[in-house]
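Scroll down for the structure; my scribbles are underneath it.
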Amino acid sequence: MARDYTLHSPPAAASQIDYKAELNEQQYAAVTAPPGQTLVIAGAGSGKTRTLTYRVAWLLDNGILPEQILLLTFTNKAAREMLERVNHLVQIETQRLWGGTFHSIGNKLLRWNSERLGYRKGFSILDREDQKDLMETVVTASGIDTAGFRFPKAEVLGDIYSMADNTCTPLEEVIATRYPYFEKIADHILRIRQLYQDKKVETNCMDFDDLLTQSVRLLKENEDLRERYQRQFEFVLVDEYQDTNSLQCQFVEMMTGRDGNLMVVGDDAQSIYSWRGADVGNILNFTDHWPRARSHKIEVNYRSVPEVLALANASIANNRQQIKKNLQPARPEKGQLPALIPLDSGSAQANFIAQRILELIDEGISFSDIAIIYRAHFHSMEIQMELTSRGIPFQITSGLRFFEQAHVKDVAAFMKFALNRRDEVSFMRMVKLIPGIGGASATKVWSAWMKTDAAQAEVMTGKFSDLLIPMTVPKKSRETWDQLAYTLDELIVDGVPQPPPAMIRSIYDGVYEEYMQAKFKNAEQRQQDLEQLSNYSVRFTDPLEFLSQLSLLSGVDTDNKPDQQAQDRDSVTLTTAHQAKGLEWHTVFAVWLADGMFPHARAVEESDAGLEEERRLFYVTVTRAKDELYLTYPLINHQARDGDILMRPSRFITELPEQLMEKWNIRGGW
């Protein structure tokens with residue numbers, strides 16, 4: 001016979017927190033919820049972090065020991081900030097409380113128990129670079145011919161395996177649905193995965209995903225450990241639950257038990273990460289999976305003026321799959337209506353944004369209180385150019401400045417060499433894209449090229465593919481080399497350089513598309529960048545002038561890389577909607593709000609679920625604005641291949657009641 005016995009905290013001075021005074025009615029109800037399973041839907045700007053922090057304080061004030069609480073977050077920063085706030089509220093040693101990311105908690109479990117999984121004590125954790133190096137070692141030792149077909153690079157393989165692990169999906173299915181261009185080598189990819197797993201055990205290493213996959217495996221296979229941790233963690237709290245994937249949900253359940261005390265906090269309307277494995281169904285179906293769960297809604301928004309919230313509420317109401325909520329403004333003052341601004345073109349859009357920013361600065365708004373938010377990084381290209389030309393300081397959180405990106409520089413290298421056949425830097429960059437050609441091989445090929453008459457001639461009259469000595473190219477690389485040579489032939493025809501758009505198209509179709517798919521995890525986004533580059537190049541007839549402009553734009557403020565920017569620098573923020581989540585600004589420009597751009601064309605084509613996630617992304621975008629919101633889109637999009645295309649305003653705009661926006665008619669100047 002067994003008896004349950006509960007330990008309570010030793011008597012301590014009460015925190016003296018007046019919870020009713022510190023919290024609004026909805027927050028108070030969630031913070032003081034009774035034991036059991038609880039779902040808290042916290043709308044944008046409603047004080048989600050405050051609610052979670054006070055929940056921890058409430059538990060401590062009511063006799064729960066710090067070590068009996070497990071707080072799971074998505075970033076170490078979020079966990080650290082919450083624990084610091086708790087420490088200010090309740091005088092406890094926060095290190096006794098288990099708080100951190102899923103992976104950091106998994107690491108703790110594995111440090112004590114890894115031997116049960118066949119690992120030795122003191123296993124190493126591979127960072128991204130380590131993982132890449134080990135994967136390359138495994139591929140090399142596998143004996144698989146990676147030259148005949150562009151075999152995925154180590155980073156891409158890691159991304160494929162990660163998606164399968166985190167979504168608990170068979171690897172074959174992940175390849176078929178997300179990487180169909182690798183289906184013909186799926187067997188090789190499966191084999192490498194097993195060899196990679198074996199190699200990690202052999203070398204006593206785990207990668208980042210293992211910290212969670214192996215933790216779940218540990219708890220599944222060891223009932224005694226599972227029961228031990230479920231007894232220890234009397235209360236489990238999970239932040240940003242809408243962003244969890246299948247593996248994380250399994251981990252939560254293993255740590256909680258079916259009858260444990262679990263509180264999850266999140267907002268289904270801000271679930272925007274399905275592309276990296278998050279499943280909005282986890283929060284939508286929470287009460288189905290936990291039938292005894294209670295639900296709370298926190299709908300008072302402390303961020304935005306009522307006019308912005310009215311637009312956000314009207315937009316998200318169009319989603320069928322959602323937990324209904326209605327954001328209520330805590331700010332009583334009347335603001336201005338969100339502005340809807342159609343413009344003639346992408347360049348006119350950029351002009352308007354720059355001019356309006358300068359007007360806002362004159363009105364006393366600082367640069368750092370302004371953000372420009374877009375669906376995809378390539379949407380920022382013309383805006384970057386316009387801000388640069390007007391001397392408006394900006395920082396980019398969505399990546400490098402457009403013309404500094406690797407794929408843009410790769411394509412430019414082809415063009416530079418075609419026009420300047422003594423450009424060794426461009427030549428070396430270009431040929432190193434070929435599998436099997438490294439620094440030494442590239443140097444040999446360059447030496448062979450420099451001995452040809454064509455390298456010395458003023459005008460290229462013959463074909464590049466006929467000139468180079470084939471024996472200088474490694475045998476395994478010759479097929480891809482031939483593709484590169486024929487591509488170069490297309491760039492100069494009868495001694496005449498082709499127009500920039502034609503050059504870019506030849507490079508992309510001839511060699512670069514296949515290279516991108518094998519090299520980059522985000523190949524589709526980079527493809528969009530190159531399409532935008534091609535569209536921009538239409539305004540140039542001389543490829544030398546085009547390349548000069550690229551160099552000038554990429555050379556501006558080159559020390560100002562994203563990772564070097566001071567956080568307090570007074571500058572406008574350029575960011576994708578995904579990276580804007582959790583942030584706020586006085587003024588937000590939501591740009592390129594045209595169908596096919598935002599929402600993204602692919603998401604609309606795929607499914608209703610895809611469209612609903614795009615609408616959630618729009619909801620996240622507009623709820624970043626505290627005071628002023630500008631919604632812009634070009635009427636005409638100039639495409640290099642298809643000419644001028646008439647743009648339709650985003651369906652997220654046309655489905656809104658007109659009275660929620662003020663339409664601006666822009667005249668003159670363009």
Side-chain angles (χ1 to χ4, degrees), residues 339 341 343-374 376-405 408-409 412 529 532-533 535-540 544-577 579-580 583-592 624-634 638 664 666-670:
I341 304 145
L343 294 132
D344 290 343
S345 63
S347 59
Q349 178 179 241
N351 268 291
F352 166 77
I353 291 167
Q355 178 173 311
R356 186 67 190 126
I357 286 173
L358 293 174
E359 291 169 352
L360 289 166
I361 299 304
D362 289 341
E363 294 170 15
I365 307 302
S366 65
F367 286 119
S368 58
D369 280 333
I370 301 170
I372 302 166
I373 304 180
Y374 34 83
H377 185 51
F378 74 87
H379 291 158
S380 70
M381 188 190 76
E382 288 177 304
I383 296 168
Q384 288 184 48
M385 292 165 54
E386 188 62 32
L387 297 182
T388 298
S389 69
R390 297 209 190 195
I392 297 174
F394 64 93
Q395 58 178 332
I396 304 172
T397 66
S398 57
L400 293 171
R401 291 174 183 261
F402 188 88
F403 300 108
E404 295 171 355
Q405 298 174 105
V408 174
K409 292 174 73 102
D529 287 345
Q532 188 71 3
L533 181 70
N535 295 341
Y536 169 66
S537 74
V538 169
R539 65 188 72 184
F540 300 92
L544 275 174
E545 184 186 352
F546 169 69
L547 291 169
S548 297
Q549 186 67 15
L550 256 60
S551 297
L552 291 171
L553 286 168
S554 63
V556 173
D557 203 12
T558 51
D559 289 336
N560 185 28
K561 298 293 190 296
D563 60 344
Q564 298 171 330
Q565 289 165 347
Q567 293 301 309
D568 57 354
R569 180 174 181 246
D570 189 22
S571 56
V572 176
T573 297
L574 273 65
T575 179
T576 62
Q579 290 175 310
L583 303 175
E584 60 184 39
W585 293 271
H586 175 279
T587 299
V588 166
F589 293 87
V591 304
W592 278 99
R624 301 310 94 197
K626 293 192 290 187
D627 293 88
E628 296 187 27
L629 175 63
Y630 297 88
L631 310 169
T632 72
Y633 69 95
H638 188 80
W664 289 26
I666 306 300
R667 297 187 179 90
W670 304 295

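Note: Thr397 OG1 to His377 NE2 = 9.5 Å, rounded to the nearest 0.5 Å. Taking CD from Gln355 and CD1 from Ile666, the interatomic distance works out to 8.5 Å, rounded to the nearest 0.5 Å. One finds the CD atom of Gln395 at 8.5 Å from the OG atom of Ser368 (value rounded to the nearest 0.5 Å). Separation of atoms CD1 (Ile353) and CG (Leu360) is listed at 11.5 Å; rounding is to 0.5 Å. Between the OG1 atom of Thr576 and the CZ atom of Phe378 there is a distance of 12.5 Å, given to the nearest 0.5 Å.
With a 4.5 Å cut-off on side-chain heavy atoms, Ile396 and Gln384 count as touching. Side chains of Val591 and Tyr633 form no contact here, defined as non-hydrogen atoms less than 4.5 Å apart. At a threshold of 4.5 Å between non-hydrogen side-chain atoms, the residues Ile361 and Ile370 count as touching. For the pair Lys626/Trp585, no side-chain contact is recorded, criterion being any heavy-atom separation below 4.5 Å from C-beta on. Side-chain contact between Phe352 and Asp344 is absent, with no heavy atoms from C-beta onward closer than 4.5 Å. A 4.5 Å side-chain heavy-atom check between Val572 and Ile392 finds at least one atom pair inside the cut-off. Between Ile373 and Phe589, every side-chain heavy-atom pair lies at or beyond the 4.5 Å cut-off.
The main-chain N or O of Glu584 is never found under 3.5 Å from a side-chain atom of Arg624 such that the two would form a donor-acceptor pair. Here the side chain of Glu386 pairs no donor or acceptor atom with the backbone of Ala354 at under 3.5 angstrom. The main-chain N or O of Ile383 is never found under 3.5 Å from a side-chain atom of Ser380 such that the two would form a donor-acceptor pair. Checked by atom type and distance alone, the side chain of Tyr374 never pairs as donor or acceptor with a backbone atom of Trp592 at under 3.5 Å. Asp570 contributes a side-chain N or O that, together with a main-chain N or O of Phe367, makes up a donor-acceptor pair within less than 3.5 Å.
With hydrogens and angles left out, the side-chain atoms of Asn351 and Arg390 include a donor and acceptor closer than 3.5 Å. Judged purely by distance below 3.5 Å, without hydrogens or angles, the side chains of Thr632 and Gln349 pair a donor atom with an acceptor atom. No hydrogens or angles considered: nothing links the side chains of Thr573 and Thr575 as a donor-acceptor pair under 3.5 Å.
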### Task
Give the C-alpha distance, both sets of side-chain angles, the deciding distance and a yes or no for side chain to side chain contact (heavy atoms under 4.5 Å, CB included) between Asp369 and Thr587.
CA-CA 6 Å; Asp369 280 333; Thr587 299; over 6 Å; no
### Query
Can Leu387 and Ile357 be said to form a side chain to side chain contact (heavy atoms under 4.5 Å, CB included), step by step?
CA-CA 10 Å; Leu387 297 182; Ile357 286 173; 4.1 Å; yes
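Looking at every heavy atom in both residues, Gly346 comes nearest to Pro634 through N-CB, 3.7 Å.
For Tyr536 and Phe540, the ring centers are positioned less than 6.0 Å apart.
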